[in-house]
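The structure appears right after this line, and notes come after that.
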There are 2 protein chains.
Amino acid sequence: MARNIPEAPALPLNTIMPGDSADAMDSLPECSVDLIFADPPYNLQLRGNLHRPDNSRVDAVDDHWDQFESLKAYDAFTRRWMRAARRVLKPDGAIWVIGSYHNIFRVGAALQDQGFWLLNDVVWRKTNPMPNFRGKRLTNAHETMIWASKSESSRYTFNYEAMKAANEGVQMRSDWTFPICTGHERLKNERGEKAHPTQKPEALLHRLLVATTNPGDVVLDPFFGTGTTGAVATMLGRNFIGIEREAEYRELAAQRIARVRSLDPAALEVTTSKRAEPRVAFGQLVERGMLRPGEELLSGNGRHSARIRADGTLAGDGFKGSIHQVGAAMEGAPSCNGWTYWHYRREGKAVSIDTLRQQIRAELATSQIN
Amino acid sequence: MARNIPEAPALPLNTIMPGDSADAMDSLPECSVDLIFADPPYNLQLRGNLHRPDNSRVDAVDDHWDQFESLKAYDAFTRRWMRAARRVLKPDGAIWVIGSYHNIFRVGAALQDQGFWLLNDVVWRKTNPMPNFRGKRLTNAHETMIWASKSESSRYTFNYEAMKAANEGVQMRSDWTFPICTGHERLKNERGEKAHPTQKPEALLHRLLVATTNPGDVVLDPFFGTGTTGAVATMLGRNFIGIEREAEYRELAAQRIARVRSLDPAALEVTTSKRAEPRVAFGQLVERGMLRPGEELLSGNGRHSARIRADGTLAGDGFKGSIHQVGAAMEGAPSCNGWTYWHYRREGKAVSIDTLRQQIRAELATSQIN
DNA sequence: TAAAACACTGAATCCAAAC
DNA sequence: GGTTTGGATTCAGTGTTTT
């Protein structure tokens, strides 16, 4: 290059930066990241203590980082980090922000005001939300995510076919159903308490990253917490940059991500071409972690095997496609019911993947009651 | 009344007012309606009127120039009608606003800025949304409704038990699933075309009105369209006030509502909560001889006991006070419902004292029949 | 050992009448 | 109008203890 352009500082890929979100983003080169996922404080304005009907006390989010003096102060905070985020985003980049009714309207208006172009609002429906204990309102059973590109003209990433494959062969909708983060996935601190009050489920980030990034992309999370974004990005072969103010969270997140194994690149290939779409819910098993990308499936007769890919398709013996297509190809048959054809291994035994589909159907049946 | 207060103008109940929404609301008496349902437009087509000073084409680099102008105009429109709505709302009244991601964030922020108190955001999940034909985004399968009271201290209406009963006995959630308005319910004009582009399903208004109004309440809809709110309100024994600018819509709505038959009042009764039942003092049980002073009461778990005193208080383990206070003190709990906590012995069995309260309430109910 | 019972928990703007 | 008091109120799930 003939011109004397100062070299841009290298991106601190796959590390967790300390300090304030906006300050840290300002230290990064502009137009350098592909996607931003932001889970900012919600500004809950809780009054007194809340007790369950059995008189146990609800462990509320009363952390100092969620306290703001006024809506005006919250707006100033929002616009500050959002402007910094906008600067580091590539022209064709996009942003996701998650929130509840307490803050999401401020966030959405700020995005529009700063020139972001809204693509969808996505509802995370919780299968197991906390009830409204006093019976004074509706059960607050969802959170809202806003997906926006940097500008109206951005050529943003959207893996349409992968989403369609993960949704029984029909277009992915704007409402996504997942359980809240509990059990073994929920990080604990040394005292055995939940490490972070608002840890998000990995399944949510899995779908989001498969939908709107490609392998090798750079994903920035300015409110990193205990690192769900980093863990899922690493598993999916994406690079991450985390920013987190609290040292304890940084430490836990780093340990967590160190335990994550990246998936084989073949498993990360996203289906791009059109194909005859069977009605497959197989992708949900992967998003929910019931089956791992890269895991091997066996045919019932034991003669064939294939590996699971992150977008809910299979690959093996040179064949790629849905569970039905690959099964049919391997058997040289005109068609094949992948649900009964394929089995996974658990404790030495081969179990039909159809049992997993039945589990999900049972969940949906209870959670989709009006 | 001694003072010379001018009589408030009568409300134009169950009629459709012409003209601009905000102007019409300004002509109504303040603090006079129980609920407002607003389905404001967001396709104001402001962009066509905007020109740069030099008439140059707006190109991709700064193509959000006109976006800012139209957002500003939309905000002004929103704040104008919303302020008028706020004025006519009773202090304990509430408002619902429905919108999509194009406008709902402006609406929600405006509600908060004007002092409304957000109660829930509710997601209308469409079972049959229009697909995204270009495959560039997620299927836009929901709309968002915001439910807010006039102020933080408003004692808003919420028929908790009715909602719970309508949801298989568990609390109603913040996501509601309904099909979009099609078929016979969809109003047609004389040319056989759909009469209104955004007609809402009656099922949606049905649930909303049952949840947050009582029979006889006044429901105002400032963007009346073809009158879904008026039709459902009439069927449910609520009064409505509609405002609609377009004469064609007013005419269709009036015809539609004229065809509606109100439901029988008995059908409109909703499951009452215990809160609505008359209070009974524990002392009444002693006065009536249902329980004797000196008699021992047992906690349901059998771990505690107390003795009844002649004035209707309890004493035990060094604690004295109401049935609630003594129960709470013995359990070390912040509060306690003494009616369900305490039991008395009859023929060797422990019987809840709440059965005695129910006897008294039954007597009161029969004695109040004229 | 299996089944049943019990304890605990999750981003929550969570009461209202009487004095 | 602030304070006191009565008393109404929970779903899905995980993990542990008891039967």
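Computed over heavy atoms, backbone and side chain alike; hydrogens, waters and symmetry mates excluded. In what follows, chains are A, B, ... by sequence order, proteins preceding strands, each numbered from 1.
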With heavy atoms under 4.0 Å as the rule, sort [X] into base, sugar-phosphate or nothing.
X	answer
B:L119	nothing
B:K164	sugar-phosphate
B:R357	sugar-phosphate
B:E161	sugar-phosphate
A:G99	nothing
A:C181	nothing
A:D39	base
A:P40	base
A:S100	nothing
B:E152	nothing
A:N140	sugar-phosphate
B:R275	sugar-phosphate

Which residue, A:G183 or A:T139, contacts DNA chain D at a nucleotide closer to its 5' end, judged by nearest heavy atom?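 Closer to the 5' end of DNA chain D: A:T139.
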
For atom [atom1], what is the distance between [N] and [M], given to the nearest Å?
N	M	atom1	answer
D:dT9	C:dA16	P	12 Å
D:dG15	C:dA11	P	15 Å
C:dC8	D:dT10	C1'	13 Å
C:dT1	D:dT19	C1'	12 Å
D:dA8	C:dA12	P	26 Å

Please say whether more than 12 non-hydrogen atoms of neighbouring residues, nucleotides or ligands are located less than 6.0 Å from CZ in A:R47.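 Yes, the 6.0 Å shell around CZ holds more than 12 heavy atoms from other groups.
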
Is it the case that over 12 heavy atoms from other parts of the model lie below 6.0 angstrom from the CZ atom of B:R83?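 Incorrect, the count does not exceed 12.
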
Roughly how many Å is it from [atom1] in [X] to [atom2] in [N], rounded to a whole number?
X	N	atom1	atom2	result
A:R47	C:dC15	CZ	P	11 Å
B:D92	C:dA17	CG	P	10 Å
B:Q171	D:dC11	CD	P	5 Å
A:R137	C:dC14	CZ	P	5 Å

Does a side-chain N or O of B:H324 approach OP1 or OP2 of D:dG6 to a distance below 4.0 Å, or not?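 So the side-chain polar atoms of B:H324 never come under 4.0 Å of the phosphate oxygens OP1 or OP2 of D:dG6.
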
Give a yes/no answer on whether the side chain of A:R186 brings an N or O atom under 4.0 Å of OP1 or OP2 in C:dA11.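 Affirmative; the distance criterion is met.
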
Under 3.5 Å donor-acceptor pair, B:T340 side-chain atoms to D:dA8 base atoms: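 Checked by distance alone, the answer is no.
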
Thinking salt bridges, do B:E296 and B:R345 make one under a 4.0 Å N-O criterion?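 The answer is yes: the pair qualifies as a salt bridge.
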
Salt bridge check: are A:D75 and A:K72 linked by an N-O gap of less than 4.0 Å?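 No, this pair does not count.
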
Are the ring of A:F133 and the base ring of C:dC14 both nearer than 5.5 Å at their centres and tilted by less than 30°?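 Stacking is absent between C:dC14 and A:F133, given that the ring centres and planes do not meet under 5.5 Å and under 30°.
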
Keeping A:W124 on the side-chain end and A:F178 on the backbone end, is there a donor-acceptor pair under 3.5 Å?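 Yes; judged by distance alone, with no hydrogens or angles, the pair exists.
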
For the pair B:W96 and B:W176, name the ring-plane relationship: parallel under 30°, tilted 30 to 60°, perpendicular over 60°.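 B:W96 vs B:W176 ring planes: tilted.
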
